[in-house]
J.: 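This is the structure I have questions about; it appears just below.
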Amino acid sequence: MAKGTSTLVGHPETGLNCGRNFPVASYDLDATLASGQAFRWRLHKGEWTGVIAGRWVALRAGDDSIIARTVLPQTDWNWLADYLQVELDMAGVLTTFPDDEPMRNAVAACRGLRLLRQDPWECLASFILSSTKQIVQIQQIVSLLCERYGEAVSVAPGFPPVNAFPSVQKIAGLTEADLRACKMGFRAPYLLATARLIESGQLDLANVAKMPVVEARAELMQAPGVGRKIADCVLLFAYGFQSAFPVDVWVMRALKDLYFPRRRPKLKRLHHFSQTYFGPNAGYAQQYLFHYMRVKKKYAAVA
DNA sequence: TACCAGGAGAGCG
DNA sequence: CGCTCTCATGGT
């Protein structure tokens, strides 16, 4: 049996199986799953484990491929192909970046970094919880929330138990005290009010996907606790609006240091710059700058 | 210990 | 508007 297909557990007559090999080029799975766009992936004995659309899945990087396995046999794997965006032409995206030194450095330092296509509710809720929190803390809050209020999913033997991300209805039915007990502090009333806004039908997350980006952003920003930055994260990480360019403290620093040295550009100016300078895949460029700043700081701390 | 974290919203002049 | 302050918690 060829290497790379060894994890396939096929049922030849039905086509059902619990394993799948996705061919990919220029895909750094480790960097992507740990890059602060999704908060639920855990590395367990060489595999990244997570829950997508209620299904437990384990991923590992193969030779120019991503090897996936689930607990239950799958009739199709579109849900995972879509989440991982394995069909994206990464080389093509890179050609749309501005050809300047900062971007060349960022691309060189983060080769294979990708954007995922997450569930809108999980993404929105997670980023409401992200404000002025470090990524490790966001991971802790989200996992506590799932542990307490998510539904259990089937896990492969030998792996730690895990729950799905709690539904809108589940969160909407909780109290602020329940949420504060998950260590989210002042973000608790925001998450609760947003869940109830969605449950009431006043905010329709499925409908946001059909809107032009500017309207979609305004729609998301109706939700309490959702400003420009969090809205842009959801537009980029869940809805695939590749022009969305979240400006957080890291990206702010990157833009100032790399493009506006010895000046004090205002946030408004940086937003305008981000939408005119980085091209149609500005959001991708943003993720490269974000990750570049973080790995650069890590090396600086060691040295 | 002191500072800071993938911010948002309210209050102020 | 544009600036400042507060909000809750814990990592480094």
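Order of the sequence lines sets the chain letters (A, B, ...), proteins ahead of strands, with each chain counted from 1.
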J.: In whole angstroms, how far is the P atom of C/dG10 from the NZ atom of A/K133?
T.: 6 Å
J.: Mind checking A/V247 for me? I need base, sugar-phosphate or nothing, with any heavy atom below 4.0 Å counting as a touch.
T.: nothing
J.: Quick one: on DNA chain B, does A/Y190 or A/W250 contact a more 5' nucleotide (nearest heavy atom)?
T.: A/W250
J.: Which part of the nucleic acid, if any, lies within reach of A/G225 when heavy atoms closer than 4.0 Å are counted: base, sugar-phosphate only, or nothing?
T.: sugar-phosphate
J.: Considering only atom P, compute the distance from B/dC3 to C/dT6 and round it to an integer number of Å.
T.: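 My reading of the P atoms in B/dC3 and C/dT6 gives 15 Å.
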J.: Taking the P atom of each, how far is C/dA8 from B/dG11, in whole Å?
T.: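 Per the computed distance, 16 Å lies between those P atoms.
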J.: Check whether any side-chain nitrogen or oxygen of A/R180 sits under 4.0 Å from OP1 or OP2 of C/dA8, and answer yes or no.
T.: yes
J.: Taking the six-membered ring for Trp, are A/F273 and A/F260 parallel (under 30°), tilted (30 to 60°) or perpendicular (over 60°)?
T.: perpendicular
J.: Holding to side-chain contact (heavy atoms from CB on, under 4.5 Å), I want the full list of residues that pass it with A/Q275, two or more places apart in sequence or in another chain.
T.: A/S243, A/F245
J.: Using the P atom as the reference point in each nucleotide, state the distance between C/dC5 and B/dG6 in Å, no decimals.
T.: 23 Å
J.: Given atom CZ of A/R294 and atom C1' of C/dT12, what is their separation to the nearest angstrom?
T.: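 So the two atoms are 14 Å apart, to the nearest Å.
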J.: Under 4.0 Å: is that the gap between some side-chain N or O of A/K183 and OP1 or OP2 of C/dG10?
T.: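 It does, given that an N or O in the side chain of A/K183 lies less than 4.0 Å from OP1 or OP2 of C/dG10.
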J.: Looking at every strand, decide which applies to A/T132 at a 4.0 Å heavy-atom threshold: base, sugar-phosphate, or nothing.
T.: base
J.: Hey, which sits more toward the 5' end of DNA chain B by its nearest nucleotide, A/Q137 or A/G227?
T.: A/Q137
J.: With heavy atoms under 4.0 Å as the rule, sort A/Q139 into base, sugar-phosphate or nothing.
T.: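 Contact class for A/Q139: none.
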J.: I'd like to check the salt bridge (Lys or Arg N to Asp or Glu O under 4.0 Å) partners of A/R180; sequence neighbours left out, ordered by chain and number.
T.: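 So A/R180 forms a salt bridge (Lys or Arg N to Asp or Glu O under 4.0 Å) with A/E176.
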J.: Answer yes if the side chains of A/R40 and A/Q139 hold a donor-acceptor pair under 3.5 Å, and no otherwise.
T.: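 A/Q139 and A/R40 do not have a side-chain donor-acceptor pair below 3.5 Å.
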J.: Distance alone, cut at 3.5 Å: any donor-acceptor contact between the side chains of A/Y83 and A/N78?
T.: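 The criterion, which ignores hydrogens and geometry beyond distance, is not satisfied for A/N78 and A/Y83.
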J.: Taking 5' to 3' order, which nucleotide of DNA chain B is first and which is last to have an atom within less than 4.0 Å of a heavy atom in chain A?
T.: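 Boundary nucleotides touching chain A, in 5' to 3' order, are B/dA5 to B/dG9.
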J.: Please classify the nucleic acid contact of A/F39 as base, sugar-phosphate, or nothing, using heavy-atom distances under 4.0 Å.
T.: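 A/F39: no heavy atom of the nucleic acid under 4.0 Å.
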J.: Angle between ring planes, A/Y190 versus A/F186, binned at 30° and 60°: parallel, tilted or perpendicular?
T.: perpendicular
J.: What is the separation between atom CD on A/Q140 and atom C1' on C/dA8, rounded to the nearest whole Å?
T.: 14 Å
J.: Under 4.0 Å between any heavy atoms, over every strand shown, what does A/S35 touch: base, sugar-phosphate, or nothing? Just pick one.
T.: base
J.: Give me the distance, rounded to whole Å, that separates C/dT4 from B/dC4 when you measure between the P atoms they each carry.
T.: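 My reading of the P atoms in C/dT4 and B/dC4 gives 16 Å.
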J.: Counting C-beta onward and ignoring hydrogens, is there a side-chain heavy-atom pair between A/K170 and A/E151 closer than 4.5 Å?
T.: no
J.: In whole Å, what is the span from the CD1 atom of A/I128 to the P atom of C/dA8?
T.: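 Going from A/I128 (CD1) to C/dA8 (P), I get 17 Å.
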J.: On DNA chain C, does the nearest nucleotide to A/F186 precede the nearest nucleotide to A/K268 from the 5' side, or the other way round? Give the residue.
T.: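 Going by which nucleotide is closer to the 5' end, it is A/K268.
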J.: For the pair made of CG in A/L191 and P in C/dA8, what is the distance, rounded to whole Å?
T.: 16 Å
J.: Between A/F237 and A/F127, does the ring pair (Phe, Tyr, Trp, His ring centres under 6.0 Å) criterion hold? Intermediate values first, please.
T.: CA-CA 10 Å; A/F237 302 144; A/F127 277 95; 5.5 Å; yes
J.: Provide, to the nearest angstrom, the distance between the CG atom belonging to A/L270 and the P atom belonging to C/dG2.
T.: 14 Å
